[in-house]
Q: 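Dropping the structure in here first, questions after.
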Amino acid sequence: MTDPKDTINIENVVASTGIGQELDLQSVAMDLEGADYDPEQFPGLVYRTQNPKSAALIFRSGKIVCTGAKSTDDVHESLRIVFDKLRELQIQVNEDPEIVVQNIVTSADLGRNLNLNAIAIGLGLENIEYEPEQFPGLVYRLDEPEVVALLFGSGKLVITGGKKPEDAEHAVDKIVSRLEDLGLLE
Amino acid sequence: RLRKWQERIRTKDAGERNLQFALSEIDRMASALGVPRSVREVASVIYRQALSEDLIRGRSIEGVATSCLYAGCRQEGIPRSLEEVTEVSRVGKKEIGRTYRYIAKELSLEMKPADPKEYVPRFCSDLEVSEEVKMKAIEIIDESAEQGLLSGKSPTGFAAAAIYAASLLCNEKKTQKEVAEVAQVTEVTIRNRYQEQIEAMGLN
DNA sequence: GCTTTAAAAAGTAAACT
DNA sequence: AGTTTACTTTCCAAAGC
């Protein structure tokens, strides 16, 4: 009865932005509390926000990647906090830098168990990847929207690769109708 | 001109040496795994296809050779688990799995997952159990797979649990540890699959 | 290709109790 | 026998090797 679309939950949003200024990460690491910076290991400085929870990767070029947010609003809120922290260190930050969502990870539930072997054959072995010895999920790549779905025996799904929340909804609709056409749902 | 010609011969020789090496590695690993000649031939054909499609660039010859053998075993219906092929290979399980998925996709091998039943004869003979246990294990696999318990589960763990259950039912008990060893899975996995299968068979 | 970050799904492995 | 922790897969950006 429940529309699988109503079970969609955004689990992670990845976005990129930039302050329009080069940075001396060594000194930022000294002044910014809780910053993790190990250039030998990775060129970005890691700064975590608590509310909302996220992790920002800050680079020498002034470009920033924000991960771990639960919504696009949280991404903006987290980055606002990061921008303010940098301003406190007397670093110039553009007025409101453009923030681009790069990836949204979503989970959903079809509400019934799935026979992954039958689905693998039904959707076409050439279109899917299902190697239960290596990973329990069946990997299904959609062209429209351009996302990747992981289908599990429990009927739960993970949809990733989308840039807007609607991508996940469209993907769930397509998956449900394809499985229904194949008679592999219900 | 002469230089170019010599270079061509050099690369051609190098290419043939690489092919020789790959085929000898497939042979070595196949012997170590004790698989029939037909599997080596299928694996060699897959390797040559991968070579002609230029899929080896950027990957180790050993990794591709191992992946082809892994694929060959499955195509011939006598699968070896990734765990097993890793034991006789010089490269790690993760690289073999990745390379295999890449080769399978690029060559459109369209491989179905291994059927747990395909592991039963070998595991049973390693355990030295009777034909009765073997038949019972296959019955358990069929019934529990039909009830949807197979989705997402590793074929070796599924087969191992069925054999363990069958050995109990036929009064030829093998310990979880013994079955776990031949199937290369942990006892915890056998316990988990066993519980579900017993329930599916209505034997609890 | 790799390195790091985050997050979900479910199975399995290693290390314990 | 069962628990905890960690790792497998998918996605993406960043800079540099």
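In what follows, every chain begins at residue 1, and chains take the letters A, B, ... in the order their sequences are listed.
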Q: How close or far is atom P of D:dT8 from atom CD1 of B:Ile96, stated in whole angstroms?
A: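 In whole Å, D:dT8 P and B:Ile96 CD1 are 15 Å from each other.
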Q: Looking at C:dA7, which nucleotide sits across from it as a Watson-Crick or G-U wobble partner, both distances under 3.5 angstrom, or is there none?
A: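 Pairing partner, where one exists within any strand: none, as none qualifies.
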Q: Please determine, for the side chain of A:Lys70, which listed nucleotide (D:dT3, C:dA8, C:dT5) has the closest atom?
A: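 That would be C:dA8.
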Q: So that I can tick it off, tell me whether B:Glu187 and B:Lys177 are bridged by a salt bridge, with the cut-off set at under 4.0 angstrom between side-chain N and carboxylate O.
A: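 No, this pair does not count.
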Q: Rounded to the nearest Å, what distance is computed from the CG atom of residue B:Leu82 to the P atom of nucleotide C:dT12?
A: 14 Å
Q: When you measure from the side chain of A:Asn103, which nucleotide among D:dC12, D:dT9, D:dA14 comes out closest?
A: D:dC12
Q: D:dC12, D:dC11, D:dA15: which one has an atom nearest the side-chain heavy atoms of A:Arg141?
A: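 Among the listed nucleotides, the one closest to the side chain of A:Arg141 is D:dC11.
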Q: Reckon B:Arg98 has a side-chain N or O less than 4.0 Å from the OP1 or OP2 of D:dT8?
A: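 Checking D:dT8 against B:Arg98, no side-chain N or O comes under 4.0 Å of OP1 or OP2.
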Q: Among C:dT3, C:dA13, C:dA9, which nucleotide has an atom closest to any side-chain atom of A:Lys156?
A: C:dA9
Q: Tell me which nucleotide among D:dT9, D:dA13, C:dA8 gets nearest to the side chain of A:Ser16.
A: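 Nearest listed nucleotide: D:dA13.
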Q: OP1 or OP2 of D:dC11 sitting under 4.0 Å from any side-chain N/O of A:Thr160?
A: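 Result: no.
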Q: Let me check something: do B:Val85 and B:Val42 share a hydrophobic cluster, defined by ILVMFWY side-chain heavy atoms less than 4.5 Å apart, either directly or through other members?
A: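 Yes, because B:Val85 and B:Val42 connect within a single hydrophobic cluster, where side-chain heavy atoms sit under 4.5 Å apart.
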Q: For A:Ser154, report the nucleic acid contact type (base, sugar-phosphate, nothing); a contact means any heavy atom under 4.0 Å.
A: sugar-phosphate
Q: Look at B:Arg122 together with B:Glu84 and state whether they make a salt bridge at an N to O cut-off of under 4.0 Å.
A: yes
Q: For D:dG16, does either OP1 or OP2 sit under 4.0 Å from a side-chain N or O belonging to A:Arg60?
A: yes
Q: Considering every strand and a 4.0 Å limit on heavy-atom distances, what is the contact class for B:Val185: base, sugar-phosphate, or nothing?
A: sugar-phosphate
Q: So if I take every side-chain heavy atom of A:Gln41 and compare against D:dA15, C:dA9, C:dT3, which nucleotide ends up nearest?
A: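 Nearest to the side chain of A:Gln41 among the choices is C:dT3.
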Q: If you look at every strand shown and take non-hydrogen atoms under 4.0 Å, does A:Ser54 touch a base, only sugar-phosphate, or nothing?
A: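 A:Ser54: no heavy atom of the nucleic acid under 4.0 Å.
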Q: From C:dT3, C:dT4, C:dT12, pick the nucleotide closest to the side chain of A:Leu57?
A: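 Minimum distance to the A:Leu57 side chain belongs to C:dT4.
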Q: D:dA1 P sits how many Å from B:Gln176 CD, rounded?
A: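 Taking CD of B:Gln176 and P of D:dA1, I get 5 Å after rounding.
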Q: To the nearest Å, how far apart are A:Leu79 CG and C:dA6 P?
A: 15 Å
Q: Could you state the interatomic distance from OG (B:Ser130) to CE (B:Met135), rounded to the nearest 0.5 Å?
A: 10.0 Å
Q: Mind calculating the distance between CD1 (A:Ile58) and P (C:dT4) to the nearest angstrom?
A: 18 Å
Q: Salt-bridged, A:Glu131 to B:Arg101, with N to O below 4.0 Å?
A: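 Salt bridge absent between A:Glu131 and B:Arg101.
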Q: Could you work out which one of C:dA8, D:dT3, D:dA15 sits closest to the side chain of A:Val105?
A: C:dA8
Q: Quickly work out the B:Glu181 CD to C:dA13 P distance and round it to whole Å.
A: 14 Å
Q: For C:dA15, what is the paired nucleotide under Watson-Crick or G-U wobble rules, both distances under 3.5 Å?
A: D:dT3
Q: At 4.0 Å (heavy atoms only), tell me whether A:Thr67 reaches a base, stays on the sugar-phosphate, or touches nothing.
A: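 A:Thr67: base contact, heavy atoms under 4.0 Å.
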Q: Contact class for B:Gly152 (heavy atom, under 4.0 Å): base, sugar-phosphate, or nothing?
A: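 Sugar-phosphate only.
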Q: Does B:Arg28 come within less than 4.0 Å of B:Glu25, counting only side-chain N to carboxylate O?
A: yes
Q: From CG of A:Leu116 over to P of C:dG11, roughly how many Å is that when rounded to an integer?
A: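 After rounding, the reported distance stands at 10 Å.
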Q: Could you tell me whether B:Arg101 contacts a base, only the sugar-phosphate backbone, or nothing, with contacts defined as non-hydrogen atoms closer than 4.0 Å?
A: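 Counting heavy atoms under 4.0 Å across all strands, the contact made by B:Arg101 is with sugar-phosphate only.
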Q: Could you please name the option among C:dA10, D:dA15, D:dC12 that lies closest to any side-chain atom of A:Lys63?
A: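 So the side chain of A:Lys63 is nearest to D:dA15.
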Q: Report the nucleotide, chosen from C:dA9, D:dA15, D:dA14, that has the shortest atom-to-atom distance to any side-chain atom of A:Val158.
A: C:dA9
Q: For a quick test of reading the model: is some side-chain N or O of B:Lys93 closer than 4.0 Å to OP1 or OP2 of C:dA13?
A: no
Q: Hey, does B:Gln184 reach any base, or is it just sugar-phosphate, or nothing, if we go heavy atoms under 4.0 Å?
A: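 The residue B:Gln184 makes sugar-phosphate contact but no base contact.
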Q: Taking the nucleotide of DNA chain C with the nearest heavy atom to each, does B:Arg191 or A:Thr106 sit closer to the 5' end?
A: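 The residue whose closest nucleotide sits nearer the 5' end is A:Thr106.
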Q: Using OP1 and OP2 only, check whether a side-chain N or O of B:Lys153 sits under 4.0 Å from C:dA10.
A: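 No.
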Q: So does A:Arg48 get a side-chain nitrogen or oxygen closer than 4.0 Å to the phosphate oxygens (OP1/OP2) of C:dA6?
A: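 Yes, such a contact exists.
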Q: In whole angstrom, what separates A:Gln102's CD from D:dA13's C1'?
A: 5 Å
